[in-house]
Amino acid sequence: MGAEVILIAYDEPSLLGAKILRGVDVPFDLLLDRDKRVYREWGMGRTTLAKSVLSPKLTWRYLKLLAAGERFLGLAPDMLQLGGDFVVDPAGVVTFGYRMRDNGDRAPVPSLLRALADAR
């Protein structure tokens with residue numbers, strides 16, 4: 001679609017390589033934000049213990065993934081930090097922004113694809 005994808009993470013590179021990106025070829029730039037400054041500047045908040053580790057919805061989601069053959073990656077260093085998905089057009093204007101409401105919440109892929117097409 002002519003878009004550039006940038007992934008931003010706060011985890012240590014060794015953790016990312018050993019767990020999340022193990023065996024995955026990621027053809028995108030990965031930026032490290034150890035102090036989570038970018039997370040704060042883009043308005044990505046934090047969740048609560050009840051909405052993350054103790055969430056029945058999230059537990060059920062992970063059980064389904066494990067049953068489907070996904071591997072358990074262990075707990076994240078910061079289970080309360082939320083992320084987001086954004087589209088920025090060529091002029092630098094944010095045309096789409098989705099901030100997670102809880103762990104496991106992501107922007108719908110069709111919405112992202114539409115936003116990318118519209119941003120061209």
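Along the sequence shown, residues are numbered consecutively beginning with 1. These numbers come from the heavy atoms of this one structure, side chains and all, not from hydrogens, waters or symmetry mates.
At a threshold of 4.5 Å between side-chain heavy atoms, the hydrophobic network of Ile, Leu, Val, Met, Phe, Trp and Tyr places L30 and F28 in one connected group. Taken together through direct or relayed side-chain contacts under 4.5 Å among Ile, Leu, Val, Met, Phe, Trp and Tyr, L116 and V88 form parts of separate hydrophobic clusters.
Distance check: R101 CZ to K51 NZ gives 10.0 Å after rounding to the nearest 0.5 Å. Rounded to the nearest 0.5 angstrom, L7 CG and L31 CG are separated by 8.0 Å. Distance check: D118 CG to L113 CG gives 11.0 Å after rounding to the nearest 0.5 Å. Atom CZ of residue R120 and atom OG1 of residue T95 lie 12.0 Å apart, to the nearest 0.5 angstrom. Between F96 atom CZ and F86 atom CZ the span is 9.0 Å, to the nearest 0.5 Å. Atoms CZ and CG, from R106 and L112 in turn, are 9.0 Å apart once rounded to the nearest 0.5 Å.
Taking the side chain as every heavy atom from C-beta outward, D29 and E4 approach each other to under 4.5 Å. Counting heavy atoms from C-beta outward, V94 and W42 have side chains that approach closer than 4.5 Å.
Side-chain atoms of Y10 do not come within 3.5 Å of backbone N or O of Y39 as any donor-acceptor pair. Within the 3.5 Å criterion, the main-chain N or O of V109 finds no donor-acceptor partner in the side chain of R114.
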_Show, in sequence, the C-alpha distance, side-chain angles and deciding distance for T47 and M100, and conclude whether the side chain to side chain contact (heavy atoms under 4.5 Å, CB included) test is met._
CA-CA 9 Å; T47 189; M100 294 170 63; over 6 Å; no
_side chain to side chain contact (heavy atoms under 4.5 Å, CB included) between D35 and D33, worked out_ = CA-CA 6 Å; D35 62 2; D33 182 23; 3.1 Å; yes
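Shown here for V87 and A119, the closest heavy-atom pair between the two residues is CG1-CB, 3.8 Å. Scanning both residues, Q81 and M44, for their nearest heavy atoms gives NE2-O, 3.6 Å.
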